[in-house]
Asks: 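This structure is in structure tokens; I'll ask about it shortly.
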Number of protein chains: 2
Amino acid sequence: MARLPIYLRALQALQDRGILTVSSEHLASAAGVNSAKLRKDLSHLGSYGTRGVGYEVEYLVYQISRELGLTQDWAVAIVGIGNLGRALANYGGFGTRGFRIAALLDADPAMVGQSVASLDVRHIDNLEAVVRSEGVSIGVITTPAAAAQGVATRFVEAGVASILNFAPVVLNVPDGVDVRKVDLSIELQILAFHAQRRADGDGRNAERAGLELT
Amino acid sequence: MARLPIYLRALQALQDRGILTVSSEHLASAAGVNSAKLRKDLSHLGSYGTRGVGYEVEYLVYQISRELGLTQDWAVAIVGIGNLGRALANYGGFGTRGFRIAALLDADPAMVGQSVASLDVRHIDNLEAVVRSEGVSIGVITTPAAAAQGVATRFVEAGVASILNFAPVVLNVPDGVDVRKVDLSIELQILAFHAQRRADGDGRNAERAGLELT
DNA sequence: ACGTGCTTGTGAAAGCACGCACAAAGTGGG
DNA sequence: CCCACTTTGTGCGTGCTTTCACAAGCACGT
């Protein structure tokens with residue numbers, strides 16, 4: 001389920017506050033979901049709750065981490081060391097969650113050799129070698145749109161079956177390869193869409209109110 | 001619908017290649033969706049296609065832009081000028097799509113006054129004033145998790161009803177306020193989850209095959 | 001030992017999204 | 001003018017997701 005990471009984060013926040021057990025109602029509101037949904041999600045992992053009490057925070061953290069595969073560590077390669085690539089490389093929240101930035105790659109010779117987040121940027125031609133030597137299993141693409149498909153294909157051919165794509169293109173990959181897309185501009189457009197619907201609705205209501213007054 | 005921005009991007013790519021009309025089948029494969037779904041989505045905006053021919057690219061771009069509210073321009077304020085905030089400020093893809101970065105805000109006095117993407121970083125205390133003077137209607141939060149809720153509340157009180165949140169917390173906002181969340185670490189966790197399921201499945205199959213051979 | 005009060009886990013209903021498959025509608029050639 | 005071909009728009013069945021509502025189960029005070 002795509003919601004497990006959210007639960008995990010909420011649980012870790014509770015853990016930091018020293019809370020030992022939590023009810024589904026509580027955890028659900030912290031995660032922003034319905035409590036029945038949360039209970040059903042958790043019941044798919046097994047019965048880890050105690051009726052009348054709730055869930056033991058620490059045990060649940062462990063179970064969800066295991067289910068998500070965070071007990072092992074995943075080597076991540078980032079291709080495209082622009083502003084966004086650098087921001088990701090410097091983002092501290094990965095290491096603590098089982099993810100290790102194993103390599104930074106770029107096509108620009110001026111970028112190669114620079115040190116970013118205590119890693120040397122290497123040339124994209126080394127992609128296959130890096131994937132093999134570092135055991136990379138997750139690829140992150142932060143290149144311009146035009147370069148993204150090529151990088152994705154090389155990742156796939158090198159054996160990387162999980163790709164996180166920040167470039168604004170739909171990637172074409174074989175079955176069995178998992179691509180997730182994050183598009184900042186699309187998020188803004190969706191917000192604008194809802195904002196306009198709100199405004200349109202207000203406008204229409206105002207008009208109608210006006211008409212009714214005449 | 002959340003898919004309209006994807007269609008729009010695909011259409012603009014077609015437009016750049018000088019293509020004048022497109023069939024639902026074609027556009028759907030470019031956008032990575034089923035053609036029936038695409039036709040149903042488009043039919044909700046009205047009947048803009050011609051049977052036997054397809055859709056006129058330019059007209060469809062205009063209609064979707066209008067539906068998304070991209071014909072007006074939206075002022076965006078970014079709070080939290082760390083690596084990610086800077087990356088967003090420098091990202092060029094916004095201006096061309098009706099979004100204008102109107103202000104950059106940060107709580108750190110050392111950051112205030114610096115120039116990022118030809119904008120002066122201003123202190124967070126000016127949030128309400130900036131929202132009013134620039135007509136900000138979309139707020140982007142790229143602060144650390146601990147500061148995010150406070151910023152969100154100030155945005156809401158200043159009249160901003162659309163928030164894009166990159167901080168790893170669930171924001172608490174009143175009804176009528178639209179929050180979208182982008183969490184890089186969660187995306188990686190979902191990829192890891194699927195990767196592990198693939199691996200587990202392989203393992204189980206291998207085991208079963210092994211057992212069947214004994 | 002027993003009842004009271006909470007909380008989980010889940011059956012059942014409702015809602016929704018997806019995709020097939022086809023009728024309606026337009027185009028172009030003969 | 002008609003026919004064959006293409007493509008849109010949509011009715012309908014199917015399966016998944018979400019939500020409600022409640023029985024089963026556990027802890028605690030008496």
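Letters go in sequence order (proteins before strands), and every chain restarts at 1.
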Asks: Establish, yes or no, whether a centroid distance under 6.0 Å links the rings of Y59(B) and Y48(B).
Replies: yes

Asks: Can you measure L38(B) atom CG to dT7(D) atom P for me and round it to whole angstrom units?
Replies: 14 Å

Asks: Measuring from the side chain of R3(A) (C-beta onward, heavy atoms only), which nucleotide among dT18(D), dT8(D), dT7(C) has the closest atom?
Replies: dT18(D)

Asks: Could you check how far NZ of K40(A) sits from P of dC16(D), rounded to whole Å?
Replies: 14 Å

Asks: Taking the side chain of Y55(A) as its heavy atoms from C-beta onward, which of dT19(D), dT10(D), dG9(C) lies nearest to it?
Replies: dG9(C)

Asks: Looking at E187(A), is its backbone amide N or carbonyl O close enough to the side chain of D183(A) to form a donor-acceptor pair, meaning the two atoms are under 3.5 Å apart?
Replies: no

Asks: With heavy atoms under 4.0 Å as the rule, sort S47(B) into base, sugar-phosphate or nothing.
Replies: sugar-phosphate

Asks: Rounded off to whole Å, could you give me the NZ-to-P distance for the K37(B) and dA21(C) pair?
Replies: 17 Å

Asks: Nearest to the side chain of S43(B), which nucleotide is it out of dG9(D), dT8(C), dC18(C)?
Replies: dG9(D)

Asks: Once rounded to the nearest 0.5 Å, what's the spacing between atom CE of M1(B) and atom CD1 of I6(B)?
Replies: 12.5 Å

Asks: Any side-chain N or O of N34(A) less than 4.0 Å from the OP1 or OP2 oxygen of dC20(D)?
Replies: yes

Asks: I need a per-nucleotide contact map over nucleotides 22-30 of chain D, read 5' to 3'. Cutoff is protein heavy atoms under 4.0 Å; write B for the base, S for backbone only, - otherwise.
Replies: --BBBS---

Asks: Does one side chain, of Q149(A) or T153(A), offer a donor that lies under 3.5 Å from an acceptor on the other?
Replies: yes

Asks: Apply side-chain hydrogen bond (donor to acceptor under 3.5 Å, both in side chains) to D178(A) and list each qualifying residue two or more places apart in sequence or on a separate chain.
Replies: H194(B)

